[in-house]
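Some notes on the structure that comes next.
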Amino acid sequence: MHIATWNINSVRARVDLVERFLRERSPDVLLLQETKAKDSEFPIETFLPLGYSTARTGQASYNGVAIISRSPIEDVETEFVGSEGPAEQRRLIFGTVKSPSGRPVRVCSVYVPNGKALDSPAYPEKLAFLRRLGETLSARGLVGDSPLMPLVVGGDFNIARDARDVFDPVQMAGKLHFSEEERTTFDALLSLGLVDLFRESSSEAGLFSWWDYRMQAFRRNRGLRIDYLLGNRLATQTLDRAHIDREPRGWTRPSDHTPVIAEFTNL
DNA sequence: ATGACTAGGTAGCCTAGA
């Protein structure tokens, strides 16, 4: 089973790139972030002939997440536990899909707030978002030593985990995306029982998932690893490999992010 | 210190992204 995550930076502006990715990579599941489309504007009909169904939750202009899956998507959830009504910013979607061997797998597409700046009100909201995600996964029995079913969370976390994940650790020290507090909060989420699947496959530095559009950052490989696939214990124990697919960042009119892909055997 | 790109919504080119 292949599961991918990709911050697409507008699904309508890049519907052809999503289509190309589905055709060329044939993932079983593609988790999208920053779709920037209301549900009524999401091009679900483009993916149907390719054999994919879609669950999405979006809004105009900003945010928006989706699950694109070869198998039907069931038990869709789009709010944190304990939420009073729908969140204004559409950043979270869960669904249950079936693996090629017919087993249920819980998947989640998440778009963690950027935080804007360390002194912005958006910054504590970013940290709170990560904690609420952890509370939701715990409340649903999806993390810990004996989770209810395999879980793969994919998304743009807007945090680089360590020095290998930033182009210049000295320049980035203490900055947004790489502050101690952000990294500690992300670590706390992982300590609930989630594994950074890419790091199961590679300990190499300088492998990034995002490059700024400006200053030829991609050509110069000045990027960050801020997009992750996370597996709970049941998912991680069947992981074959995970990698960053750099190629789509070089396609015409690309997203500033590139996909991360995990391949599971016997999931 | 600032801006460098890009998309979306709107008709203010500005907000937001990272």
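This one's a predicted model, so the numbers in the text were calculated from it and none came from an experiment. FYI, side chains are in, hydrogens and waters are out, and symmetry mates aren't considered; it's all heavy atoms of this structure. Here is the naming used below: chain letters follow the sequence lines, and residue numbers restart at 1 for every chain.
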* Asked: For atom C1', what is the distance between B/dG12 and B/dT2, given to the nearest Å?
  -> 22 Å
* To do: Tell me which residues in residues 250-260 of chain A put a heavy atom below 4.0 Å from DNA chain B, sorted by number, or none.
  => A/R253, A/H257
* **Check against side-chain contact (heavy atoms from CB on, under 4.5 Å), A/M1 and A/T238** => CA-CA 10 Å; A/M1 184 178 198; A/T238 102; over 6 Å; no
* Would you kindly check if the NZ (Lys) or CZ (Arg) of A/R225 is within the cone defined by 45 degrees around the ring axis of A/F208 and under 6.0 Å from the six-membered ring centre? => no
* To do: Go through the side-chain N and O atoms of A/R106 and A/T96 and say whether any donor and acceptor fall under 3.5 Å apart.
  => yes
* Asked: Taking the six-membered ring of A/F178 as reference, does the NZ or CZ atom of A/R183 fall below 6.0 Å from its centre and within a 45° cone about the axis?
  -> yes
* Asked: Would one find a side-chain N or O of A/K116 under 4.0 angstrom from OP1 or OP2 of B/dG17?
  -> yes
* Does A/D212 make a side-chain donor-acceptor contact with the base of B/dA18, cut-off 3.5 Å? -> no
* Which listed nucleotide (B/dT15, B/dA18, B/dG9) is nearest to the side chain of A/H177? -> B/dA18
* Asked: P atom, B/dA16 versus B/dT10: distance in rounded Å?
  -> 14 Å
* **C1' spacing across the pair B/dA18 / B/dG3, given as an integer number of angstrom** => 14 Å
* Asked: Taking side chain as C-beta onward, heavy atoms only, is A/R131 less than 4.5 Å from A/L127?
  -> yes
* So, is A/R14 close to the B/dA7 phosphate, meaning a side-chain N or O under 4.0 Å from OP1 or OP2? -> yes
* **Worked verdict on A/S202 versus A/L207 for side-chain contact (heavy atoms from CB on, under 4.5 Å)** => CA-CA 9 Å; A/S202 171; A/L207 298 178; 3.7 Å; yes
* Asked: In residues 5-12 of chain A, which ones come under 4.0 Å of DNA chain B, going by heavy atoms?
  -> A/N7, A/S10, A/R12
* To do: Taking only the side-chain nitrogens and oxygens of A/Y111, find out if one of them lies under 4.0 Å from OP1 or OP2 of B/dA18.
  => yes
* Asked: For A/S120, what residues pass the side chain to side chain contact (heavy atoms under 4.5 Å, CB included) criterion, not counting sequence neighbours?
  -> A/K116, A/A117, A/A122
* **NZ or CZ of A/R91 within 45° of A/Y111 ring axis and under 6.0 Å** => yes
* Asked: Is there side-chain contact between A/E79 and A/L92, with heavy atoms separated by less than 4.5 Å?
  -> no
